[in-house]
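Since the structure comes first, as structure tokens, the remarks are kept for the end.
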2 protein chains.
Amino acid sequence: MSVPRTSTREHILKRATMLFQGRGYNGFSFKDISAPMGIRNAAIHYHFRTKSDLCSAVIARYRDLLKSETGDFMKHGGSAKSQLDAYLAFIRHEILDARCMCPLTNVAVALDTLPGEVRAQATMLSHDLLAYLTRVMELGREQGEFQFNCAAEQKALSVKATLQGAGQLARLMGPQVVDQVIDQIRCDLGL
Amino acid sequence: MSVPRTSTREHILKRATMLFQGRGYNGFSFKDISAPMGIRNAAIHYHFRTKSDLCSAVIARYRDLLKSETGDFMKHGGSAKSQLDAYLAFIRHEILDARCMCPLTNVAVALDTLPGEVRAQATMLSHDLLAYLTRVMELGREQGEFQFNCAAEQKALSVKATLQGAGQLARLMGPQVVDQVIDQIRCDLGL
DNA sequence: AAAGTTACTTACTTATAAGTAAGTTTGGCG
DNA sequence: CGCCAAACTTACTTATAAGTAAGTAACTTT
């Protein structure tokens, strides 16, 4: 019937990603995916057995995206500063253009109501993210670009926490919040 | 029938607060309130016409609590440092003991799915909070306790964002996150 | 003591959610 | 050409959600 057969699965994943990152697990239903696509709920179940499976796939996909992005950052061999800026730009785009949040936010908020699979994927994502940011912080300090006098791990944690919060406050208080917070992060690193 | 008649409304509000701050608007139902209390859903509707009314009341109550707490902080007339520490202790307790989040987090995440009343209350809370933290930052700089070279408003925003993020990351990565992040905030202020 | 008010309960409605089973269309292949 | 599997749809089930209307027990006021 419809022409682009093989891309339906990808289409579902894209919409699920937008909704999951935009509203959280409990904030959207299959209908929010199927109706705008002109398909039926059962079509989603054909590709993803359960909502848990679908959302796990969403986070796994995000992890892959991040892996390839950060891999690219690292390959470019640039300075820690340019790598941090790339990640900050990535987050900035997520908040301001896509108007959505890091999946960690959405999982953390409703943690008690979520299937174990989804929680597990989120935990892995949090470790991926922190490991990457920690490496960037270490590198930045070695290169003399960043200045901070605590463990690199702690600094990375603090930076990530601040960005998580920026996404929330931007929704409530306006988009200008994002650049102010990013500016402050750079400032606190001595940039 | 049941003895403590006048306190039912307060009981409902307390449980709704725990659930709202712990799981978000879409993460709990009336049953989660009524069942453990041994009452019926309709009893909740008697005290609060709709879920929107109930959750608006939860946030309004949180605003009152905060108003009196910050009022007390200010009255004690202590240094900005002691006021910041009091707020940090308040947040620390919320995350570690009550295992819940600032209502701003839960509203921001599912903003698109929420009734206007609830959004309005959250917006007011965000302004209350930022106004208070901004005053503390200004005071701290005047007193020579805090060091930062940007607008007090921006610093306050950044501190609040970081604390919002700490609540999330603590759920996914463990409670030690909270103290690390708080330590970093103090450190970045020159404490 | 009668009437009214408060604080509920019972019983219901309506809507929406996730999920399933069985049937249907379409394109590729022997 | 006919068969088969992939990719769906139709039609359904089951569960749960918010919300409502009508009734009732107990306290309060006149």
Side-chain angles (χ1 to χ4, degrees), chain A residues 1-20 22-59 106-107 109-110 112-119, chain B residues 1-20 22-59 106-107 109-110 112-119:
Chain A
M1 200 176 291
S2 59
V3 182
R5 327 222 351 138
T6 58
S7 65
T8 301
R9 187 192 156 94
E10 289 303 304
H11 232 90
I12 291 169
L13 262 175
K14 267 182 196 158
R15 281 208 60 84
T17 299
M18 281 176 48
L19 288 160
F20 183 78
R23 301 189 192 172
Y25 189 91
N26 298 311
F28 75 96
S29 74
F30 281 43
K31 198 175 153 189
D32 296 318
I33 298 173
S34 59
M37 285 182 64
I39 61 173
R40 300 310 173 119
N41 283 358
I44 302 173
H45 283 288
Y46 173 75
H47 291 287
F48 303 93
R49 213 175 54 82
T50 64
K51 190 176 183 181
S52 171
D53 286 349
L54 173 59
C55 292
S56 296
V58 164
I59 303 177
N106 305 93
V107 172
V109 160
D112 295 352
T113 72
L114 300 185
E117 266 182 300
V118 176
R119 295 157 66 141
Chain B
M1 200 174 288
S2 61
V3 183
R5 330 224 346 146
T6 58
S7 65
T8 300
R9 186 193 157 94
E10 289 303 304
H11 233 90
I12 291 169
L13 262 176
K14 266 185 195 157
R15 281 207 61 84
T17 300
M18 282 176 48
L19 289 161
F20 182 78
R23 301 188 189 172
Y25 189 93
N26 298 310
F28 74 97
S29 73
F30 281 41
K31 199 176 153 189
D32 296 318
I33 297 172
S34 60
M37 284 181 64
I39 61 172
R40 300 311 173 118
N41 283 358
I44 302 172
H45 283 288
Y46 173 75
H47 292 285
F48 303 93
R49 216 175 52 85
T50 63
K51 191 176 182 180
S52 171
D53 286 349
L54 174 59
C55 292
S56 295
V58 164
I59 303 176
N106 304 94
V107 172
V109 159
D112 295 352
T113 72
L114 299 186
E117 265 182 299
V118 176
R119 295 157 66 143

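Numbered from 1 within each chain, the chains take letters A, B, ... in sequence-line order. This structure is a prediction, so every number in the text was calculated from the model and none was measured.
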Query raised in the report: Looking only at side-chain N and O atoms, does Thr8(B) come under 4.0 Å of OP1 or OP2 in dC8(C)?
Result: yes
Report task. Measure the distance from CD1 on Ile39(A) to P on dT25(C) and round it to the nearest whole Å. Result -> 19 Å
Query raised in the report: OP1 or OP2 of dC8(D) sitting under 4.0 Å from any side-chain N/O of Arg40(A)?
Result: no
Query raised in the report: Do the side chains of Ser52(A) and Tyr25(A) get nearer than 4.5 Å, heavy atoms only?
Result: yes
Query raised in the report: Under 6.0 Å from the six-membered ring centre of Phe20(B) and within 45° of its axis: does the NZ or CZ of Lys51(B) meet both?
Result: no
**Report entry** Gap separating the OG1 atom of Thr50(A) from the NE2 atom of His45(A), nearest 0.5 angstrom
**Finding:** 8.5 Å
Query - Thr17(B): side-chain hydrogen bond (donor to acceptor under 3.5 Å, both in side chains) partners, not counting sequence neighbours - result: none
Requested in this report: May I ask you to verify if any side-chain N or O of Tyr46(A) is less than 4.0 angstrom from the OP1 or OP2 atom of dC8(D)?
Outcome: no
Donor-acceptor list for residues 32-41 of chain A side chains, cut-off 3.5 Å, not counting sequence neighbours:
from, atom 1, to, atom 2, distance (Å)
Asp32(A), OD2, Ser29(A), N, 2.8
Ser34(A), OG, Phe30(A), O, 3.2
Ser34(A), OG, Asn41(A), OD1, 2.7

**Report entry** Rounded distance (Å) that lies between atom P of dA7(C) and atom NE2 of His11(B)
**Finding:** 16 Å
Query raised in the report: Side-chain contact, heavy-atom cut-off 4.5 Å: Arg9(B) with Phe48(B)?
Result: yes
**Report entry** Phosphate OP1/OP2 of dT6(C) contacted by His47(B) side-chain N/O (<4.0 Å)
**Finding:** no
Review item, nucleotides 16-21 of chain C N/O atoms under 3.5 Å of protein N/O:
from, atom 1, to, atom 2, distance (Å)
dA17(C), OP1, Ser29(A), OG, 3.1
dA18(C), OP1, Lys51(A), NZ, 3.1
dA18(C), OP2, Phe30(A), N, 2.9
dG19(C), OP2, Lys51(A), N, 2.8

